[in-house]
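For clarity, every value in this text was computed on a predicted model and none was experimentally measured.
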Amino acid sequence: MDKNKLEYLKEKRILLKKEIRLKELRDKISSELNYLKEQNFTFNIFYNFEYVNWINNNINVRNKDGYRGSHGDFQINVNDREVISTPIETHNDLLTIKSVTAFFKDISNNTTFIVCSLSGNPELEISKEAFLSNPSLFFSSPETWILSADKKYIIENIWSQNAIRFINITQPDPILKIKLLVNA
């Protein structure tokens with residue numbers, strides 16, 4: 001086989017592997033994608049985990065409270081004791097909490113959110129409206145962060161703690177605004 005043919009076949013194999021990887025990643029979030037398509041919401045998919053990496057590199061984080069493994073699961077380093085925890089029944093109930101409603105009013109309606117997690121799902125950019133229409137769906141993976149694309153706010157969902165934390169990251173130190181405890 002000549003050298004050109006061999007190079008062509010190598011490139012084709014690399015492209016095929018990439019295509020298979022992207023399909024597998026899309027399959028991991030198929031319920032979210034189907035919902036977004038059914039509701040005619042616009043979205044973008046990112047496969048390089050740039051936002052999770054951005055959070056880990058630019059926000060003060062620590063190992064998850066109570067975590068003893070070596071995987072590196074993290075949570076944003078804020079003082080939980082300064083905020084009163086409010087119990088809710090489901091993720092969708094967060095929209096009934098007055099302080100959460102006020103939190104979202106501070107975020108412009110044209111702001112997009114990036115859904116990212118440590119589960120290896122691709123990152124998904126959605127509108128504020130899409131997120132608010134069904135928060136439970138976008139919190140369906142363990143250890144999920146909803147980052148505003150303008151990098152001012154993070155909503156952190158920590159499954160092992162049944163906690164959702166609303167954090168303002170516009171200051172040098174992140175500020176925990178609201179902490180909800182989801183009854184499991």
Side-chain angles (χ1 to χ4, degrees), residues 21-56 58-59 61 73-76 78 86-170 174-184:
R21 176 185 170 267
L22 298 180
K23 183 186 180 317
E24 288 172 351
L25 288 173
R26 278 191 302 273
D27 287 347
K28 289 179 80 173
I29 59 168
S30 62
S31 59
E32 291 93 331
L33 294 177
N34 290 338
Y35 174 77
L36 292 167
K37 289 174 187 173
E38 288 170 5
Q39 301 299 317
N40 292 320
F41 287 121
T42 58
F43 60 90
N44 290 311
I45 303 173
F46 306 111
Y47 297 100
N48 295 324
F49 314 110
E50 63 188 84
Y51 291 95
V52 167
N53 293 336
W54 182 88
I55 293 168
N56 199 20
N58 292 285
I59 305 291
V61 298
D73 284 355
F74 64 87
Q75 70 185 56
I76 296 172
V78 292
T86 304
I88 60 172
E89 291 300 316
T90 70
H91 289 100
N92 285 340
D93 289 343
L94 64 90
L95 302 175
T96 64
I97 307 295
K98 192 175 188 178
S99 56
V100 172
T101 304
F103 180 87
F104 283 111
K105 282 185 180 173
D106 287 343
I107 300 172
S108 169
N109 286 338
N110 61 0
T111 298
T112 59
F113 290 123
I114 311 298
V115 181
C116 41
S117 69
L118 290 180
S119 65
N121 291 355
E123 295 170 333
L124 189 60
E125 182 179 29
I126 59 175
S127 67
K128 175 182 168 181
E129 177 187 14
F131 174 72
L132 293 176
S133 72
N134 193 348
S136 290
L137 179 65
F138 300 106
F139 282 134
S140 62
S141 296
E143 315 318 323
T144 302
W145 293 270
I146 310 297
L147 172 67
S148 62
D150 59 9
K151 298 178 180 167
K152 293 181 179 181
Y153 304 97
I154 293 180
I155 304 164
E156 180 179 47
N157 183 35
I158 307 172
W159 270 27
S160 61
Q161 298 171 18
N162 294 328
I164 301 173
R165 302 180 332 156
F166 294 77
I167 303 168
N168 179 324
I169 57 174
T170 59
I175 301 166
L176 180 63
K177 304 300 272 179
I178 306 158
K179 181 177 179 183
L180 302 178
L181 298 176
V182 183
N183 294 331

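- Rounded to the nearest 0.5 Å, atoms OG (Ser133) and CG (Leu95) are 9.5 Å apart.
- For the side-chain contact (heavy atoms from CB on, under 4.5 Å) criterion with Ile126, the lone passing option out of Ile146, Thr42, Val115, Leu132 is Val115.
- Dense packing is recorded around NZ of Lys151, with more than 12 heavy atoms of other residues, nucleotides or ligands lying under 6.0 Å away.
- Between the side chain of Asn34 and the main chain of Ser31, no donor-acceptor pair closer than 3.5 Å is present.
- Taking CZ of Phe74 as the reference point, atom CD of Glu143 lies at 9.5 Å (rounded to 0.5 Å).
- Residues satisfying the side chain to side chain contact (heavy atoms under 4.5 Å, CB included) criterion with Thr111, sequence neighbours excluded, are Ile107, Ser108, Ser148, Asp150.
- Rounding to the nearest 0.5 Å places NZ of Lys23 at 7.5 Å from CZ of Arg26.
- A ring pair (Phe, Tyr, Trp, His ring centres under 6.0 Å) with Tyr153 is found for exactly one of Phe104, Phe131, Phe103, Phe166, namely Phe103.
- Residues Thr144 and Ser117 share a closest heavy-atom pair of OG1-CB, 3.9 Å.
- Taking the ring-ring contact (aromatic ring centres under 6.0 Å, His included) definition, one finds that Phe41 meets it with nothing, sequence neighbours left out.
- Remark: side-chain polar atoms of Asn168 are not paired, donor with acceptor, to backbone N or O of Ile175 under 3.5 angstrom.
- Counting heavy atoms of neighbouring residues, nucleotides and ligands inside a 6.0 Å radius, atom CD of Glu129 does not exceed 12 of them.
- Formation of a donor-acceptor pair under 3.5 Å by the Glu123 side chain with backbone atoms of Glu50 is found in this model.
- Relative ring orientation between His91 and Phe139 is described as tilted, the plane-to-plane angle lying within the 30° to 60° band.
- With rounding to the nearest 0.5 angstrom, the CG atom of Leu181 is 10.5 Å from the CD1 atom of Ile158.
- Pairs passing the salt bridge (Lys or Arg N to Asp or Glu O under 4.0 Å) check and including a residue from residues 152-164, sequence neighbours excluded, read Glu156-Arg165.
- Here Ile59 contributes atom CD1 and Leu147 contributes atom CG; the two are 7.5 Å apart, rounded to the nearest 0.5 Å.
- Across all non-hydrogen atoms, the minimal contact from Ser136 to Asn92 is N-OD1, 3.0 Å.
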*Dump the intermediate steps for ring-ring contact (aromatic ring centres under 6.0 Å, His included) on Phe43 and Phe113, then the final yes or no.*
CA-CA 10 Å; Phe43 60 90; Phe113 290 123; over 10 Å; no

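- The distance from atom CG of Asn58 to atom CD1 of Ile169, rounded to the nearest 0.5 Å, is 9.0 Å.
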